[in-house]
Engineer: 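Encoded as structure tokens, here's the structure I'll be asking about.
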There are 2 protein chains.
Amino acid sequence: MSLSEANQDYLKAIYKLRAHGTVTTQALADRLKVAPPSATAMIKKLAALQLVTHTPYYGVQLTQTGEKIALEIIRHHRLVETYLTEVLGLGWDQAHIEAERWEHILSEEVEARMDAALGSPTRDPHGAAIPTLNGEIAVDDWTRLSEVSGGENLIVRRVSDENAELLGHLREIGLVPGAHVAVQRAVGAEGTLHLEIEGQAHVFGIAPARFVYVETLDETL
Amino acid sequence: MSLSEANQDYLKAIYKLRAHGTVTTQALADRLKVAPPSATAMIKKLAALQLVTHTPYYGVQLTQTGEKIALEIIRHHRLVETYLTEVLGLGWDQAHIEAERWEHILSEEVEARMDAALGSPTRDPHGAAIPTLNGEIAVDDWTRLSEVSGGENLIVRRVSDENAELLGHLREIGLVPGAHVAVQRAVGAEGTLHLEIEGQAHVFGIAPARFVYVETLDETL
DNA sequence: CATTGAATTTAGTTGCGGCTAATTTCTTTT
DNA sequence: AAAAGAAATTAGCCGCAACTAAATTCAATG
Ligand SMILES: [Mn+2]
Ligand SMILES: [Mn+2]
Ligand SMILES: [Mn+2]
Ligand SMILES: [Mn+2]
């Protein structure tokens, strides 16, 4: 009993939306760019397969089995992303688009070979944790760059890969995992952050800063 | 207008069957393991897309466009096969099975990167020609090992990848592209060939020998 | 507590790529 | 030249995953 590509994409989407509480039909439909009735129909199929539990009119939740499968697909995605950037030299955004397809057809054998070739990485190129073969995944408690107040010394840990365009831009200006960032000041009224990225001054908007996760080194600049 | 995986597999199958003359519905159905009416239905769709010409009750032929697409898929397949064996170390049979899926999702970008990483190979691991980006492919005029009479000195050029099990066995006994083979004698009645593969004596059946293509070095052993 | 509006589900349709059963067409045999 | 047989096509169906339009349910508001 192997799952269709659609099945897998739904499970992955539910997993990613799960942080905001129970996953609503609408949130799922929005994320997958399908009409709400399509999401309802798929939810019922997944519930029949015992991969999710569905409380009609309230929302959907992954079962243990469902979560395990979601994590397996995410592992595939992130390993492929890492492989495509590290070994074949693709750009982050390109690698993400490719991985969206490859994640569904990667065999366990090739997964293992890629993992070995990369030295069993624990993070993908943009800092997201790669689940283990057993379906374990690191939980990060990093801060969003949009939440800092000014004066901090930070290190970038992860940038969200939801937006391909943003991803490309972040890489260009060096806002990548490992980069050191000093926050000069946050101008709330203007919605801007005055940053120093690896010594380079930059003015950055609050909106995209929501997608950059940082760790605070110290607050005494 | 991009073609579905099924569309692509049909075009590839028609291309591979084309050598035996016009491609019949049955041959196509057999190869793709579908029922004849399924093949008829798909043939009509491909004809509507001008990728094949269909003469009802007689058979189907690729158009220029159709052949070009078939060759592109075959290029993908053989590049991936080569990449998986050379770079990731998969076995031939495993690589072939994987390539059957990868061929449909390989982007031009990744295709180019793999091609470069491999040094633009012209042959896949089992000796089949890799079509160029422009859709050109080398025409081989090699002999089947089943056609030799005895006494020849041969060099293996290609082994067919139609049968995964056979492919694995051939590799084991060293009947691979580049191997030197001396034919001691062919016993027609028994359907056996007495070979020396790189110095090692082997008795080989005529049936599998049909899938091994050789070049004759000389006939004066 | 009745009303209203948004979210969700149900009902019914579509395209794709399979299938079986029935029919048609071509070829071979008598 | 008719009949038989094999191959191909047509007719009608199914599961999947999408869609729109209509009905239902829940929550918020007056
Ligand atoms: Mn990603
Ligand atoms: Mn995907
Ligand atoms: Mn092959
Ligand atoms: Mn294929």
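We use all heavy atoms of the structure for the numbers below, so side chains are in, but hydrogens, waters and symmetry mates are not. Every chain is numbered from 1, with letters handed out A, B, ... down the list of sequences.
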Engineer: Among Val23(B), Thr22(B), Thr24(B), which residue meets the side-chain contact (heavy atoms from CB on, under 4.5 Å) test with Val60(B)?
Structural biologist: Val23(B)
Engineer: Expressed as a whole number of angstroms, how long is the span from Leu28(B):CG to dT9(D):P?
Structural biologist: 11 Å
Engineer: For ring pair (Phe, Tyr, Trp, His ring centres under 6.0 Å), just list the numbers for His76(B) and His104(B), CA-CA rounded to whole Å, side-chain angles, deciding distance to a tenth of an Å, and then say yes or no.
Structural biologist: CA-CA 8 Å; His76(B) 286 180; His104(B) 307 291; 9.1 Å; no
Engineer: Take the protein atom NZ of Lys33(B) and the nucleotide atom P of dC19(C), then report the distance between them rounded to whole Å.
Structural biologist: 12 Å
Engineer: Give a yes/no verdict on a cation-pi contact between Arg157(A) and Tyr213(A), requiring under 6.0 Å between NZ or CZ and the six-membered ring centre and an angle within 45° of the axis.
Structural biologist: no
Engineer: Below 4.0 angstrom from OP1 or OP2 of dG18(C), is there any side-chain N or O of Tyr10(B)?
Structural biologist: yes
Engineer: Can you check the Glu5(A) CD to dC16(C) P distance for me, whole Å?
Structural biologist: 17 Å
Engineer: Using whole Å, report how far CG of Leu32(B) lies from P of dC16(C).
Structural biologist: 18 Å
Engineer: Between dT9(D), dT27(C), dG17(C), which nucleotide gets closest to the side-chain atoms of Tyr58(B)?
Structural biologist: dT27(C)
Engineer: Over how many whole Å does the gap from Lys45(A) atom NZ to dG15(D) atom C1' extend?
Structural biologist: 8 Å
Engineer: Would you say Ser4(B) reaches dG17(C)'s phosphate, i.e. side-chain N/O to OP1/OP2 under 4.0 Å?
Structural biologist: yes
Engineer: Looking for any heavy atom pair under 4.0 Å, which part of the strands does Ser38(B) touch: base, sugar-phosphate only, or nothing?
Structural biologist: base
Engineer: Quick one: Asp30(A) CG to dT8(C) P, roughly how many Å, whole number?
Structural biologist: 10 Å
Engineer: Could you work out which one of dT24(D), dT9(D), dC19(D) sits closest to the side chain of Tyr57(A)?
Structural biologist: dT24(D)
Engineer: Whether His54(B) contacts dT9(D) is assessed here as follows: a side-chain N or O lying under 4.0 Å from the phosphate OP1 or OP2. Is that the case?
Structural biologist: yes
Engineer: Whole Å only: how far is the NZ atom of Lys44(B) from the C1' atom of dG17(C)?
Structural biologist: 15 Å
Engineer: So which nucleotide from dT9(D), dA8(D), dT10(C) ends up closest to the side chain of Thr40(A)?
Structural biologist: dT10(C)
Engineer: Between Arg75(B) and Asp115(B), does any side-chain N to carboxylate O distance fall below 4.0 Å?
Structural biologist: yes
Engineer: Should Trp102(B) and Leu84(B) count as side-chain neighbours, where that means a heavy-atom distance under 4.5 Å?
Structural biologist: yes
Engineer: If you check the Ala6(A) side chain, which of dT8(C), dA18(D), dC19(C) turns out closest?
Structural biologist: dA18(D)
Engineer: Compare the minimum distances between each of dC26(C), dT9(C), dG18(C) and the side chain of Thr25(A), then state the nucleotide with the smallest one.
Structural biologist: dT9(C)
Engineer: Round to the nearest Å and state the distance from Ile43(B) atom CD1 to dG17(C) atom P.
Structural biologist: 14 Å
Engineer: Return the nearest nucleotide to the side chain of Gln26(B); candidates are dT9(D), dC26(D), dA8(D).
Structural biologist: dA8(D)
Engineer: Tell me which of Met42(A) and Ala41(B) sits closer to the 5' end of DNA chain D, going by the nucleotide each one is nearest to.
Structural biologist: Ala41(B)
Engineer: Can you tell me which nucleotide in dT8(C), dT10(D), dC19(C) comes closest to the side chain of Val34(B)?
Structural biologist: dC19(C)
